[in-house]
Every structure is written in C-alpha cells, then in structure tokens.
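Just below is one structure, and these are the notes that go with it.
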Amino acid sequence: MDNIRIKGLRSLVDTNVVEIKPINILVGTNSSGKSTFLRVFPLLRQSVERKTRGPILWNGVYTDFESFLTSLHSEASTNGNEQIEFSFTFNFYNKLSFNNKNSNRENPISINTTLSIVKGTTKNSCYTNIYKVDLFGHLITFQFEEDGTIIAINSERLKWDLKKADLQYQRTNTDSLLPIIKYPDFLYFTANKQKDSISKLLYEHIINLIKEHSGSTSETKINRFASLLVSEFADDKSKLAKMKKMRSTTKWNELVDTEWKENASDFSFLAGLIDLFMVIENSASINVQFSELLRSVRYIAPLRASTERYYRYQDLSIHELEHTGSNIGIFLSNITKKWRHQLDEWTESNFNFIIKDKVTSGHISLKLEHSSSKKSDNIADMGFGYSQVLPIIIQLWAVASGYEASLQEISKPKKTVLFVIEQPELHLHPKMQASLAKVFSESIKLGGENGIDLRLVIETHSPALISKFGDMIALSEMDKDIISILMFEQNRSTRCTTLRESKFDSDGELNNWPADFFAY
C-alpha cells in the first residue's frame with residue numbers, strides 16, 4: 001500500500017492523501033486521532049479475515065470501533081454527509097494474461113480504489129454505495145444499492161445508467177472489502193457462450209467498435225484483436241502501441257498509425273470501454289490481492305501481555321506472534337535452530353542479550369542471557385518494560401528476516417508487510433526508547449535484504465525516539481527520505497483532526513515542527 005486517505009471516521013474528517021513510507025511516526029496530544037488512524041490497519045485486516053455481512057468488521061479480534069454509527073464523525077448528521085470513505089493506492093499484479101504466458105509479475109500496475117460506506121436499513125448495518133477505481137488516471141465510479149445491484153457506472157469517458165430490469169446478472173458482492181462485480185470466467189472472450197451480463201455487453205461493444213473502425217469482415221480476426229486488448233491491464237499508450245502491431249485492413253492500419261493519438265475521442269472511448277471491462281472482469285482478483293496485503297498487517301497493541309514465569313506448552317505450529325504478545329513462549333519454542341541463531345544475533349546486536357527458552361513438564365520458561373556477563377534471568381524477574389518491548393523485537397525480526405514468510409511458503413516477487421505499533425516506548429527508559437530507532441531502521445534494511453517491503457506505522461509520545469532518528473540521519477546512518485513524521489492536531493470544539501507532515505533535513509533537523517511540541 002503506497003498511500004491511504006480516510007474521510008468521516010471519528011475525528012478524521014479528511015486526512016487527505018497520506019503517503020506510507022518505510023517509517024511513519026504518528027505524534028500528537030492525547031485523543032487527537034492518532035490511534036484512530038493507526039487502528040484502521042488492524043480494522044481492515046480483521047475485516048478481510050472473517051466472512052462479514054458488510055465491507056467492514058467494526059468490532060473484531062484486533063480492534064473495536066463498535067459500529068458504523070459510532071465510527072461516524074460527530075458532525076456527520078448535521079452536515080448531511082453520513083458516510084465513511086477509505087481510499088488506497090496499491091500494486092496489482094497481472095495474474096491473468098491469456099496471450100502472454102511470460103507476463104512479468106515484477107512490474108505491477110498501481111491501482112487507486114475508494115470505498116464510500118453508508119448506513120444500511122437494519123440496525124448497525126452498513127454497505128458500500130460508491131466504489132471508485134482509478135486506473136492510469138481513468139476514474140471509473142460504480143454506484144450500488146444496498147443489495148449489491150449496480151445502478152450506475154460513470155467516468156469522464158463514458159456514462160451508463162442501469163436499471164434492475166436491464167440485466168439479469170448484475171448483482172455485486174459488496175460484503176467483500178472491495179466489491180466483486182464478477183467472479184472469474186477464464187473464457188470471457190467467447191462472449192457468445194455467456195449469459196447476459198455487463199461484461200458480455202461490454203465485450204460485444206468492443207468487438208463492434210473494432211469492426212466499425214477496421215471495416216474488417218473477418219470475425220476470427222476481430223475476436224482475436226478484442227481478446228488481445230483485454231488480455232491484461234495497460235495504459236492508453238500501451239493500448240495504442242498494441243493496436244499498431246495488430247495489422248488488418250488499410251482503414252485500420254491508417255487509423256492507428258496516423259490518425260489516432262492518445263487524446264483522440266474515438267480511441268479514448270474504446271480505451272475507456274476496455275478499462276471498464278478489465279476492472280469488472282478482474283474485480284475478484286483485485287479484492288483477493290488487496291485482501292492478501294491486509295492479511296499481512298502486523299499489529300502490536302498498546303498494552304502488551306505481562307511476562308509470565310512459565311508459559312503452558314502446546315504442540316501447535318505458530319507462525320505469528322499474537323498482537324498482545326501473549327503467545328510469546330510457544331512462538332519462541334517453535335523457532336528452529338537455524339532461525340534461532342539469527343534471532344540471537346538480532347537481539348544481541350541491538351540489545352546485548354539473547355532469549356533462552358526451556359521446555360519442562362509441559363511448561364516453557366523464558367530467560368534473558370546478558371551478553372556481557374553470560375548470566376541469565378527469568379523474564380518475570382526483570383522490569384515490566386521488557387514484557388512490553390519483547391513482542392516488538394521478536395515480531396519485527398520474524399517479519400524482516402523472512403522467518404514468517406518461510407513458514408507460509410510465500411514465493412512472491414516482493415512481499416509487503418504493514419507493521420503498526422502503538423506506543424513502543426511504554427515502560428522503557430529514555431535510552432532504551434532511543435535504541436528502538438536503530439531497531440526500526442535496521443528492520444527496514446533487513447526486510448529489504450530478504451525481499452520484504454516493510455512499512456512501519458508507529459504511534460509515540462517519545463521525544464527520545466524522534467530525536468534519535470534525527471541523530472541517525474545527521475550521522476548518515478539513515479536516509480532522511482524513508483521517514484515521515486505526521487502531526488495530529490484536533491480542534492476540540494469541532495472535534496476535527498488535521499494532519500501536518502514534518503520532514504527531517506540532511507542535518508537531522510525537523511522542518512515544520514512546532515518548537516513547543518513537547519513542552520509542558
């Protein structure tokens with residue numbers, strides 16, 4: 001996910017587009033909207049992990065927004081804008097490429113989607129009434145009724161008002177996070193074999209336009225041209241280049257070689273139909289790939305579980321640390337010797353200790369062995385701060401090292417993981433708070449080495465942590481462009497939050513930073 005925009009969620013009336021960098025630090029006074037913004041990520045994850053009766057699971061295992069109505073901004077009913085809107089830009093890989101068996105998944109396309117969610121007719125229900133897809137600058141808007149029926153499709157290139165009686169098969173699954181307008185049909189270019197559908201009508205329209213513009217009477221050639229044009233997502237420049245390679249009649253060759261430019265009205269209309277067809281045909285794949293990204297969200301809650309002297313051993317395979325760290329004992333006992341050696345190197349390098357686990361009589365005990373003395377202590381006998389920081393350290397390593405990916409047998413070009421942490425500095429001495437800055441920076445590097453595109457979203461009140469980032473930039477230990485500081489400022493009378501970005505310069509100084517931000 002490259003950026004996000006949120007509108008109408010609690011105090012976040014409009015965040016505007018927020019770029020998600022490798023490190024994103026959220027700061028602000030208490031109850032200024034930081035947690036609302038950060039918890040959107042676990043909210044989305046819990047929404048795609050369960051079968052829901054709407055696009056969002058407001059109350060789930062990771063976070064609790066209660067319901068749609070309680071999540072609305074308090075002034076929504078007054079100004080008549082009772083909707084919550086989420087916009088995302090993310091990479092989509094062309095998996096379905098019928099005419100290009102060697103389609104390169106290393107070069108994804110960027111898609112921006114927007115969901116507008118409104119109240120349903122039953123208590124606490126909600127549904128997606130507007131779905132927008134921006135594809136190469138071509139914005140396509142779908143409008144739905146509560147039952148998923150499409151009632152209108154619009155873009156700057158075309159307009160299509162639909163009625164229930166027009167088509168028999170036009171109901172959409174709007175209970176998925178991104179609406180699924182059509183489930184895959186791998187023979188969609190044999191349109192005459194399909195039942196009446198939006199896709200069938202679009203495909204027939206594309207064929208008729210090719211026939212009209214080419215003057216060709218060869219049904220085989222026209223169908224081959226159409227199937228090539230809808231074989232994968234492409235921008236207008238690529239579409240036109242593909243058309244120029246499709247040699248046909250003199251009329252067609254002259255049209256694509258000399259007359260048609262990217263801004264030509266006839267070409268723009270045909271290209272717009274192709275975009276609409278591709279969005280509809282691939283709507284299930286778009287939802288699947290975006291949901292896959294959201295399932296990779298890792299969340300560390302603000303109050304982690306207290307450490308225990310003994311953890312109950314269970315013969316379970318655990319690939320992820322629970323968001324409160326409550327399963328830390330069994331998670332560590334699952335790590336094989338090869339990976340455990342890497343974890344030891346990670347903790348020793350950053351914190352001068354290694355974690356030892358021992359299984360006896362159905363229980364697991366955890367000890368920290370200090371590098372300098374080689375003496376160890378049960379974590380229950382150490383300060384409370386260790387119980388709060390250990391889940392962060394271990395989960396970061398598990399993601400960035402590729403350990404988690406190895407358990408899931410992931411074989412993608414590059415896996416993106418959104419890792420969100422609330423108040424990592426809890427119960428830590430300022431010196432240890434500052435040391436977390438190095439850990440966060442090193443985890444980004446480690447992830448890159450292992451094909452993991454790691455993005456950290458961190459809420460904090462720690463001046464030591466932020467100051468350390470500046471020091472690292474000044475010492476050239478960290479690139480200033482990989483970090484963003486987002487300041488949340490709420491107007492207490494209107495309960496509206498505004499976001500302001502502050503950036504580090506090459507000297508490690510923050511620009512656009514209020515001098516009294518941490519004053520008291």
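The shown structure was predicted, so the numbers you read here are calculated from the model rather than taken from an experiment.
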Check: Which heavy atom of Ser47 sits nearest a heavy atom of Pro55, and at what distance?
Finding: CB-O, 3.8 Å
Notebook entry, point to check: Does the gap between the ring centers of Phe353 and His370 come in under 6.0 Å?
Noted result: no
Notebook entry, point to check: Is the shortest side-chain N to carboxylate O distance from Lys503 to Asp505 below 4.0 Å?
Noted result: no
Item checked: Nearest-0.5 Å distance that lies between atom CG in Leu332 and atom CD1 in Ile364 -> 8.5 Å
Note to self: With a 4.5 Å cut-off on side-chain heavy atoms, are Phe68 and Ile56 touching?
What the structure shows: no
Note to self: Keeping Gln395 on the side-chain end and Leu321 on the backbone end, is there a donor-acceptor pair under 3.5 Å?
What the structure shows: yes
Check: Which of parallel (below 30°), tilted (30 to 60°) and perpendicular (above 60°) describes Trp339 and Trp397?
Finding: perpendicular
Notebook entry, point to check: Is it true that a side-chain atom of Gln46 and a backbone atom of Leu57 form a donor plus acceptor pair closer than 3.5 Å?
Noted result: yes
Checklist line | Output field: ring centroids Phe233/Phe92 closer than 6.0 Å | finding: yes
Item checked: Set of residues satisfying side chain to side chain donor-acceptor pair (under 3.5 Å) with respect to Asp381, sequence neighbours excluded -> Arg309
Checklist line | Rounded distance (nearest 0.5 Å) linking atom OH of Tyr127 with atom OG of Ser116 | finding: 11.0 Å
Next item on the list: Could you check if a side-chain atom of Tyr62 sits within less than 4.5 angstrom of a side-chain atom of Leu43, using non-hydrogen atoms only?
Entry: no
Notebook entry, point to check: Side chain of Thr70, backbone of Phe65: donor and acceptor closer than 3.5 Å?
Noted result: yes
Checklist line | CG-CD distance between Leu465 and Gln433, expressed to the nearest 0.5 angstrom | finding: 7.5 Å
Next item on the list: Kindly say whether the aromatic ring centers of Phe88 and Phe290 come within a distance under 6.0 Å.
Entry: yes
Note to self: Looking at every heavy atom in both Glu66 and Asp64, which two are closest together, and how far apart are they?
What the structure shows: N-OD1, 2.7 Å
Margin query: Under the salt bridge (Lys or Arg N to Asp or Glu O under 4.0 Å) definition, can you give me all pairs with a residue in residues 33-47, not counting sequence neighbours?
Written below: Lys34-Glu459, Arg39-Glu422, Arg45-Glu49, Arg45-Glu320
Next item on the list: Check the pair Thr121, Glu146 against side-chain hydrogen bond (donor to acceptor under 3.5 Å, both in side chains), reporting the backbone distance first and the verdict last.
Entry: CA-CA 8 Å; Thr121 53; Glu146 187 172 358; 3.3 Å; yes
Next item on the list: Determine whether Tyr131 and Thr113 make a side-chain contact, defined as any pair of heavy atoms from C-beta on separated by less than 4.5 Å.
Entry: yes
Checklist line | Side-chain touch Thr128/Phe142, heavy atoms, less than 4.5 angstrom | finding: no
Checklist line | Aromatic contact, Phe488 with Phe37 (centres under 6.0 Å) | finding: yes
Next item on the list: Could you walk me through whether Arg492 and Thr29 pass side-chain hydrogen bond (donor to acceptor under 3.5 Å, both in side chains), step by step?
Entry: CA-CA 11 Å; Arg492 299 300 179 184; Thr29 59; 3.1 Å; yes
Check: Should the pair Arg340-Asp357 be classified as a salt bridge under the 4.0 Å nitrogen-to-oxygen rule?
Finding: yes
Item checked: Gap separating the CG atom of Asn91 from the OG1 atom of Thr416, nearest 0.5 angstrom -> 7.0 Å
Check: Can Glu292 and Arg295 be counted as an ion pair, charged N to O under 4.0 angstrom?
Finding: no
Margin query: Whether Asp2 and Arg455 form a salt bridge (side-chain N of Lys/Arg under 4.0 Å from carboxylate O of Asp/Glu) is what I want to check.
Written below: yes
Item checked: Which residues share a ring pair (Phe, Tyr, Trp, His ring centres under 6.0 Å) with Phe384, sequence neighbours left out -> His427
Next item on the list: Give, for atom OG of Ser443 and atom CD1 of Ile23, the distance between the pair rounded to the nearest 0.5 Å.
Entry: 6.5 Å
Checklist line | Side-chain heavy atoms of Ile421 within contact of Phe440, under 4.5 Å | finding: yes
Note to self: Between Glu404 and Arg298, does any NZ, NE, NH1 or NH2 come within less than 4.0 Å of an OD or OE carboxylate oxygen?
What the structure shows: yes
Next item on the list: Mind running side-chain hydrogen bond (donor to acceptor under 3.5 Å, both in side chains) on Asn3 and Thr89 for me, showing each step along the way?
Entry: CA-CA 5 Å; Asn3 60 54; Thr89 299; 2.8 Å; yes
Margin query: So, taking the atom named CD1 in Ile355 and the one named OG in Ser376, what distance separates them when rounded to the nearest 0.5 Å?
Written below: 12.5 Å
Margin query: If you apply the rule side-chain hydrogen bond (donor to acceptor under 3.5 Å, both in side chains), what do you find for Glu322 with Ser326, and how did you get there?
Written below: CA-CA 6 Å; Glu322 203 267 340; Ser326 60; 3.2 Å; yes
